[in-house]
Protein chains: 4
Amino acid sequence: MNVRMEKDALGELAIPESVYWGIHTQRALANFQLSGKKVSFRLIQALAMVKKAACLTNLELGYLEEAKARAISQASEEIIAGNLQNEFPLDALQGGAGTSTNMNVNEVIANRALEILKYPRGDYSFIHPIETVNRHQSTNDVYPTAIKVAAILLLRELSAEIASLQGVFQKKEKEFGSIIKIGRTEYQEAVPITLGAEFSAFAEALSRDRWRVFKCEERLRVTNLGGTAVGTGLTAPKSYIFLVIEKLREVTGLGLSRAENLTGETAFADSFVEVSGILKAHACNLIKIANDLRILNLLGEIKLPAVQAGSSIMPGKVNPVILEAVIQASIEIKISDSVIAECVSHGTLQINEFLPLAGLHLLGALESLINVNRMFAKFADKILASESGCRFYLEKSPALLTAFLPQVGYENAGALFQEFKASGEEKVRDFLNKKFGKALVDQVLSPENLTQLGYRDGPKNT
Amino acid sequence: MNVRMEKDALGELAIPESVYWGIHTQRALANFQLSGKKVSFRLIQALAMVKKAACLTNLELGYLEEAKARAISQASEEIIAGNLQNEFPLDALQGGAGTSTNMNVNEVIANRALEILKYPRGDYSFIHPIETVNRHQSTNDVYPTAIKVAAILLLRELSAEIASLQGVFQKKEKEFGSIIKIGRTEYQEAVPITLGAEFSAFAEALSRDRWRVFKCEERLRVTNLGGTAVGTGLTAPKSYIFLVIEKLREVTGLGLSRAENLTGETAFADSFVEVSGILKAHACNLIKIANDLRILNLLGEIKLPAVQAGSSIMPGKVNPVILEAVIQASIEIKISDSVIAECVSHGTLQINEFLPLAGLHLLGALESLINVNRMFAKFADKILASESGCRFYLEKSPALLTAFLPQVGYENAGALFQEFKASGEEKVRDFLNKKFGKALVDQVLSPENLTQLGYRDGPKNT
Amino acid sequence: MNVRMEKDALGELAIPESVYWGIHTQRALANFQLSGKKVSFRLIQALAMVKKAACLTNLELGYLEEAKARAISQASEEIIAGNLQNEFPLDALQGGAGTSTNMNVNEVIANRALEILKYPRGDYSFIHPIETVNRHQSTNDVYPTAIKVAAILLLRELSAEIASLQGVFQKKEKEFGSIIKIGRTEYQEAVPITLGAEFSAFAEALSRDRWRVFKCEERLRVTNLGGTAVGTGLTAPKSYIFLVIEKLREVTGLGLSRAENLTGETAFADSFVEVSGILKAHACNLIKIANDLRILNLLGEIKLPAVQAGSSIMPGKVNPVILEAVIQASIEIKISDSVIAECVSHGTLQINEFLPLAGLHLLGALESLINVNRMFAKFADKILASESGCRFYLEKSPALLTAFLPQVGYENAGALFQEFKASGEEKVRDFLNKKFGKALVDQVLSPENLTQLGYRDGPKNT
Amino acid sequence: MNVRMEKDALGELAIPESVYWGIHTQRALANFQLSGKKVSFRLIQALAMVKKAACLTNLELGYLEEAKARAISQASEEIIAGNLQNEFPLDALQGGAGTSTNMNVNEVIANRALEILKYPRGDYSFIHPIETVNRHQSTNDVYPTAIKVAAILLLRELSAEIASLQGVFQKKEKEFGSIIKIGRTEYQEAVPITLGAEFSAFAEALSRDRWRVFKCEERLRVTNLGGTAVGTGLTAPKSYIFLVIEKLREVTGLGLSRAENLTGETAFADSFVEVSGILKAHACNLIKIANDLRILNLLGEIKLPAVQAGSSIMPGKVNPVILEAVIQASIEIKISDSVIAECVSHGTLQINEFLPLAGLHLLGALESLINVNRMFAKFADKILASESGCRFYLEKSPALLTAFLPQVGYENAGALFQEFKASGEEKVRDFLNKKFGKALVDQVLSPENLTQLGYRDGPKNT
């Protein structure tokens, strides 16, 4: 293997000639072999956006000459476009508050820029990963900024996927709108609803989720870019600090802003907890919906689509595997939130040294939720109602008696319930017909009466 | 013991004559002896507000005659005012989706109303806990509504307490504004900041928390009141459904509204996860602040007030016990959030049967955070700076070299660092004076230069 | 109010004359008003056992004169016997690593001992809470030791309660042993089992839990008693250190021992995590069992006992409230485990300052689980089988086809499944009779064949 | 792309000719695109061991002819040896209770066996993935069994790595055994210990961890292999059920056994919670140790080795990146435990459908901990003591006064403390010399007296 030698404060190290990364990446590669998961490329891309913004700022202010700036900018753009993915080999689980990942990006951009300008890789006297590419930056401002940029972009994708899933349930709401069934509370038969109303509740929950996810973006727009090491901006010129956020807005197309209190923004990471909490609320809804669908299918009120054979032993068995996958992914997201909270709460003094883990789980949760919603929508679209299944439970349920509460009151309705159970009748309606006459029963148990919001006019036992 | 006999679907039971509660409470008391924690009285009071609103609605619409309504209303107000606290003996950890707590409130109000009207307790033919007090209601709409009302009222108290704590840190920010010290990242000396800036970061984090907590209220304003058992409003007249939320607004003074999709609002409880997530973000900030203060005190840069003797063996020892209490309370809140999420995600079909546990942890977290902020503010107010402690680390820290980065670049600064370490000098300033001359050193290391945002003008090695 | 004045390093304070506690308790009472939960009296009792053991040791070694020792011993015994409960008013959530609770016990014992000896309360020149009662002790050794003692005693109670619940399920196993029903995997019908086998699985899981809980005790037997402040035993004579653990064994009747590495035992608290993890495994089993029972009841294969009316609106509704309470209590325990782990992992240097919170959750989980098992056993004892419900699903389930796999193979069985679904037959057995003849069907689907472990002899398509 | 057509109950599908997997894998690949993490190859290898054991059993009992058995066995061994890794492309996060992974293994073994026997891939009439390879098995018994096998093998590796780390700390214990320093409790100076004792505490904690991890294996040895779909062994001959576990013992070299209650073992997954809880205890210890080292380094009592440059802005800065990585990995493991508990507690009826997620986190935690211990040991080996740093704090600490408690008592020692603080002396020893004479001070503060366990003989103020 051809190598080039690079040097840092700890000494010299051989780097494979074929790679764009340099000595800092190489050391980190040896230091951290933990999880087998690489740093999210979405984060790498966001870092490249920050690098490009810093480079354009330095160019405009005269801190970087044009040829270098153009090359650095081009290298950054290549990463943003999805190239050079193999050049970011570091384990996502790394110490150093993101320094290794920032260094990795600095080195790849530097060497790619050198290449563009026909310089050999490693010729850092011309373009230096730190002095040139990282100019006026610190990991402590670019890294949290990049997490926010990546998160906002993923939040937008997630919002779109939630909308799709919501749309599927709204379609089902209409499809199943006239199917009356027994509602259930605490796994016991309660009063009637329509199957459509159940799916409408799913759609409504997702609508809240969309709103949440949409509003989330606000929490992430304020960045500490320009604050350098501890938020004081030491080593960066004031003009840079003011301009770089504008450039980042241009590069990303996002409505980002600079925190008024850069020291505070650098020392705390609470916005990640807040956003993660919102993803968790969505994950909770997904679990609830998936579980409800499993139960409705178990009861035979709906029919889930088959997507694969269910068993290596039981022929013909089809399992709700997609729903199980939804639940599992959502459990993982729910609990990623605890990782993020522990990372954020135990950061110390001027920065949060546990951002790599927090970022891994935040971006991971977002990527996973995007996939989950997409998978779920495709599946839910093929759910069918079973009208006979719905009717089966409805007809035999004494819970229908509740509809007569306005007529008879709670105590008498309780007595009716006992009477029905003693009567031996199978269908409660037959029992009620005998008791109240078919006309009244038909009126009280009419689909309209059972499912409209409240009754028109009521008996007034005051 | 004198008793009265009451009856329900399961049979007769003796109730102590001295209590206002009835048979449903009595059974629940026997059924649930789990945690030793009683239902939060804040929740009981909020339920009484809902009862009063329902009663006024039924009165206005002619579903309840005036004498009864007045008595029920008065009984409710007594509870809201803080009376009758001993009449709510149930364990907070209870099955039944809140039914037992709702029944408890119905029974106490019914018997107190009977008493007001000179009827004997238990004479339910006149005022019935369910038929009269609970008229047009179900646990499934009044219970989650009451949790929301209680939570909003607590959120407002919490917001005020956070503001006080924030105020204390702002005061310290000014007090400590001119004390320069070394900043620390990853527990290593980094570049200088002021002690005031550190406290300003605390204040800023709390300012975000206040905003969060303030915005939280929105998430809780939408209720399912009027939806009765499953959100269809079955057994309630339409006029009631539309009026009762207005009455609740009047009774509580809160900007509540009725959900458009009552079935959905009844089936899901995701807003509690969202609010809890926000409380968690605040808890994370509290842990971070308390930990930072412990470390600054350990290093001798600040001096914490003594509030009690610290040791049963080491005389004179004073421990940061208030900070430890802050951290512990915050850990508990952080993790209450997981309880809430598990409760919310595993609710089934038309309601969430685990609301009692979710409510216990949500209201408990709010009450605890109110106390924590109050305790913390009282303590933080007495924190003193140690200027000598701050100076001690600042003077010997080679991290000051970073300030010369604009002059010399990263690589040269690294070399300087090695040179200083080899020099045997104790104070880095002396070393720098020899190297660069006192004039430049004084300028670069001037308090203004070190702590203002960015430098004025920079050398341009492009 | 009559008061007495006491004094500590911070100054003088008035203490109500009526209480046994002293100035350290009084200050802590003012400092910590957080959770409203008091320190578990089980922990207070365990501390009193430690106090008694230390007192007997000091007596035997000549460090305490007999009259004082006898009075201190008697005061300790009174607490152990359950007296003086109102004298321990401190909030469970307190900073100070347990110092306040230790001081509270020291003070109450001192003043009660003074009273026994006809001295006035507060006359500490004769019996001093620290110099006499706490002699040769530090909070840092007595407090964790007391948590362990309390936990072991609770573990034994828990073990007995789990055994009772296990016994109930074993009884049901026999009762339901001959009821064949369809098994379900992933909420889909699978192959047949007996209802008894399902309950046997519950009993078996609880049997594992009992074993776990029993083995737990080992993890807690090693204490750091005698190590004083940091495990070096400083200020305690060697003879005391060696004798006190023997005395504690006598006082508690538990097989306790002294850690070989007292510094390590004082600095770490991992045994609490281990024990809590085991309680969590039990809690997971309880949730699973309670959920299964809810589902079997929903499906109508079993019938749960009614323990209270289920609804304030739906007459006759009976809900599985006990199971819901089991689930909620278990969720809380499961998640208490995270509190404990966070406390244990973030302790610093020579002790764990977060033991008060860890202890609160550990002892709380134990107390709660004891109650949960007791409540569950009482309830489960009255569960009934519904043979008709079991038969209903069994007869119509095509999953029965799996039993013919040895005869026909997986692919052919799959074809049979399709054929049955196309046939319009309602009961799979009728279909099979036509296909294979009643004799073979009767043999393959015989209760014995379906539920015995494996088949006798099989066709050998090798 | 060349393809072959395969068929299942859902219809036909084209499979790339180049792969060994078949239609079930192909469908699952399309169904689950969630996490980007593949199924752990350790689990695949363990499944191959189970397949080999089943194959040998079927051969011995005459259910499989020799040529087929030999080919299947060889294919399994190839996987066990680490080959064919690219043939297992499925997302670790999958629904279906492990069916897809089991199918994947069945298909790869079938096609590889066909290839060995010179049959074309997909010629399942000769060797069928389900009928031949999966013969007498169900996912529901082989999958949890394989998780256990994989976990036990990883536990053994982990135990060895913990031993190495323990060894490193024991070496440091000896190295630093004579360095006296001030101990700290609650981040405040307490009484003296040796630096060696601190490292000894680390070693001791790891020794407990080793013991835990070693004992863990017992929890996993009991498997449900032979139980097939729901633990009744339906479709498997009794002889197979009894023999297969013996074969698995041979193949794995592990002391596995068959559960007496196969239904129970199939329905519950609590042993994974128990094992995970034990890994969590270890993770808590790692966090505590890593944090302590960070603090000792911050205080300058030890010196951590440099493994990479620490900052992209501050030259010469070296951060405790390895310790941060240890902490982050351990946080993740701690919280994986919550994922496992939620999966295990929410399994339903006859199996646990969430095993894929539980297994992912259990095996992931084990693999991560192995790496963490290895990384930590390499790092810790190079930690140096700073005797001057230790002496610096020791000399000025008034906490030394505690050593005089046996001489003067708690109250007088408190007065001494005030006197010292008022004296203006810098070093407490100078103050004490004046007070008590050098001879006594030298004796009381001798290294032996300060650090041995307890004192020889004490003054007896009884």
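We name chains A, B, ... by the order of the sequence lines, and we start the count at 1 in each one.
- With no hydrogens or angles considered, a side-chain donor-acceptor pair links E6(D) and Y124(D) at under 3.5 Å.
- Both the backbone and the side chain of A309(D) come within contact range of chain A, judged by heavy atoms closer than 4.5 Å.
- Looking at I23(D), there are no atoms closer than 4.5 Å to chain A (heavy atoms on both sides), in backbone or side chain.
- For E324(A), there are no salt bridge (Lys or Arg N to Asp or Glu O under 4.0 Å) partners two or more places apart in sequence or in a different chain.
- Ranking A329(D), A358(D), A9(D), A30(D) against chain A, the residue ahead of the rest is A329(D), based on heavy-atom pairs under 4.5 Å.
- Heavy-atom pairs under 4.5 Å with chain A were tallied for H361(D), R27(D), E332(D), M375(D); the largest tally goes to E332(D).
- With hydrogens and angles disregarded, a donor-acceptor distance shorter than 3.5 Å links the side chain of D8(D) to the backbone of G11(D).
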Apply side-chain contact (heavy atoms from CB on, under 4.5 Å) to the pair F32(A) and Q328(D), showing each step before the final yes or no. CA-CA 12 Å; F32(A) 309 117; Q328(D) 288 177 103; over 6 Å; no
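- Defined by atom type and a distance below 3.5 Å, a donor-acceptor pair is missing between the side-chain atoms of R294(A) and N297(A).
- For L360(D), the part lying under 4.5 angstrom from a heavy atom of chain A is the side chain only.
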Walk me through whether D141(D) and T266(D) qualify under side-chain contact (heavy atoms from CB on, under 4.5 Å). CA-CA 7 Å; D141(D) 65 342; T266(D) 306; 5.7 Å; no
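- For residues 313-343 of chain D, there are no ring pair (Phe, Tyr, Trp, His ring centres under 6.0 Å) pairs, not counting sequence neighbours.
- Only the side chain of T99(D) comes within less than 4.5 Å of a heavy atom of chain A; its backbone N, CA, C and O stay farther away.
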Criterion side-chain contact (heavy atoms from CB on, under 4.5 Å) on L154(D) and R42(D), from CA distance to verdict: CA-CA 9 Å; L154(D) 286 165; R42(D) 304 293 295 242; 3.4 Å; yes
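- Among I130(D), N102(D), N319(D), T139(D), the residue with the largest count of heavy-atom pairs under 4.5 Å with chain A is T139(D).
- For L34(D), the parts lying under 4.5 angstrom from a heavy atom of chain A are both the backbone and the side chain.
- Only the backbone of Q94(D) comes within contact range of chain A, judged by heavy atoms closer than 4.5 Å.
- Using a 4.5 Å cut-off between heavy atoms, Q308(D) touches chain A through backbone and side chain atoms alike.
- Proximity to chain D is limited to the side chain of T235(A), based on heavy atoms less than 4.5 angstrom apart.
- P320(D) does not touch chain A: none of its heavy atoms, backbone or side chain, sits under 4.5 Å away.
- Side-chain N or O atoms of N224(D) include one that pairs as donor or acceptor with a backbone N or O of N140(D) at under 3.5 Å.
- Counting heavy-atom pairs under 4.5 Å between each of I327(A), N134(A), N31(A), V339(A) and chain D puts N31(A) at the top.
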